[in-house]
Amino acid sequence: QVQLVESGGGLVQAGGSLRLSCAASGRTFSRYAMGWFRQAPTKEREFVAGISRSGGTIYYADSVKGRFTISRDNAKNTVYLQINSLKPEDTAVYYCAADGPLSMKPVETNPLEYDYWGQGTQVTVSS
């Protein structure tokens, strides 16, 4: 069992930055690939970024490449999402999720394949 708690969301102006954190409970964090997803009102949950167990493989959605950076610190049981050059269309609830430890892929982009989810943190970008 893994419990995930996100933090770091807030209200920012377009062009600003935020750093989201996701703290995981338990001693097996390094066995899970981690992903960040977001869901805007009336839209489906979408993949944003994912990182493999060791951090050696990273995927980004095309819409965030060059602006978002995912990283993890297995010693601190934490995954981060640095968000720069925020746009109003980035407004959403951001969720972190854990995949594994039996996953066959280093990074999974399908939200249905993730086993554990946090409660989400709201990011609102004003124009």
Side-chain angles (χ1 to χ4, degrees):
Q1 188 78 11
V2 176
Q3 293 183 324
L4 304 172
V5 179
E6 302 97 334
S7 61
L11 172 63
V12 295
Q13 291 186 332
S17 297
L18 284 173
R19 188 193 196 202
L20 307 184
S21 299
C22 173
S25 65
R27 297 176 291 178
T28 59
F29 178 71
S30 62
R31 298 176 64 190
Y32 291 83
M34 299 298 296
W36 284 96
F37 293 79
R38 66 185 181 186
Q39 188 166 17
T42 73
K43 294 187 177 180
E44 293 186 354
R45 190 167 298 189
E46 64 171 348
F47 172 81
V48 172
I51 187 167
S52 62
R53 296 171 182 83
S54 66
T57 300
I58 290 175
Y59 292 167
Y60 294 102
D62 289 342
S63 59
V64 306
K65 282 180 181 177
R67 300 189 298 121
F68 289 20
T69 303
I70 188 171
S71 61
R72 68 187 295 162
D73 185 337
N74 285 345
K76 295 183 178 180
N77 282 12
T78 303
V79 62
Y80 305 97
L81 187 68
Q82 177 68 41
I83 308 175
N84 298 327
S85 303
L86 277 158
K87 304 176 181 180
E89 52 263 42
D90 294 319
T91 295
V93 178
Y94 284 71
Y95 300 90
C96 72
D99 174 34
L102 300 178
S103 177
M104 299 298 292
K105 296 182 180 180
V107 177
E108 178 62 67
T109 61
N110 184 349
L112 297 178
E113 297 296 328
Y114 281 77
D115 302 298
Y116 302 102
W117 292 84
Q119 83 289 348
T121 185
Q122 176 72 47
V123 172
T124 303
V125 184
S126 63
S127 57

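These figures come from a predicted structure and were not determined experimentally.
The hydrophobic clustering, which links ILVMFWY residues whose side-chain heavy atoms are closer than 4.5 Å, places Tyr32 and Tyr95 apart. Val12 and Val93 are members of different hydrophobic clusters when ILVMFWY side chains are connected at heavy-atom separations under 4.5 Å. Taking hydrophobic clusters as Ile, Leu, Val, Met, Phe, Trp and Tyr residues chained together by side-chain heavy-atom distances below 4.5 Å, Leu20 does not share a cluster with Phe37. Side-chain heavy atoms closer than 4.5 Å link hydrophobic residues (I, L, V, M, F, W, Y) into clusters, and following such links, possibly through other members, connects Tyr94 to Tyr116. Both Val123 and Met34 are assigned to one and the same hydrophobic cluster, defined by single-linkage of ILVMFWY side chains at heavy-atom distances under 4.5 Å.
With Tyr59 contributing its side chain and Pro106 its backbone, the two residues share no donor-acceptor pair below 3.5 Å. Proximity of a side-chain donor or acceptor of Gln119 to a complementary backbone N or O of Val5 within less than 3.5 Å is not detected. Using modelled atom types, one side-chain atom of Asn74 and one backbone atom of Arg53 make a donor-acceptor pair closer than 3.5 Å. Judged by distance alone, the side chain of Thr57 and the main-chain N or O of Ser52 form no donor-acceptor pair under 3.5 Å. Here the side chain of Thr78 pairs no donor or acceptor atom with the backbone of Ala23 at under 3.5 angstrom.
A pairwise comparison of heavy atoms in Thr121 and Gly9 identifies OG1-N, 3.1 Å as the closest pair. In terms of heavy-atom proximity, Tyr114 sits nearest to Ala33 at CE2-O, 4.3 Å.
Applying the salt bridge (charged side-chain N to carboxylate O under 4.0 Å, His left out) criterion to Glu46, with sequence neighbours excluded, gives Arg38.
Within the 4.5 Å cutoff, the side chain of Arg67 has heavy atoms near those of the Lys87 side chain. Val79 has its side chain within reach of Trp36: a pair of non-hydrogen atoms, C-beta onward, lies under 4.5 Å apart. Contact of the Gln122 side chain with the Leu11 side chain is not registered, since no non-hydrogen atoms from C-beta on lie closer than 4.5 Å. Looking at Asp99 and Asp115, their side chains come closer than 4.5 Å, going by heavy atoms from C-beta outward. Side-chain contact between Phe47 and Asn110 is absent, with no heavy-atom pair separated by less than 4.5 Å. When side chains are defined from C-beta on, Val2 does not count as touching Phe29, because their heavy atoms never get closer than 4.5 Å. A 4.5 Å side-chain heavy-atom check between Arg19 and Tyr80 finds at least one atom pair inside the cut-off.
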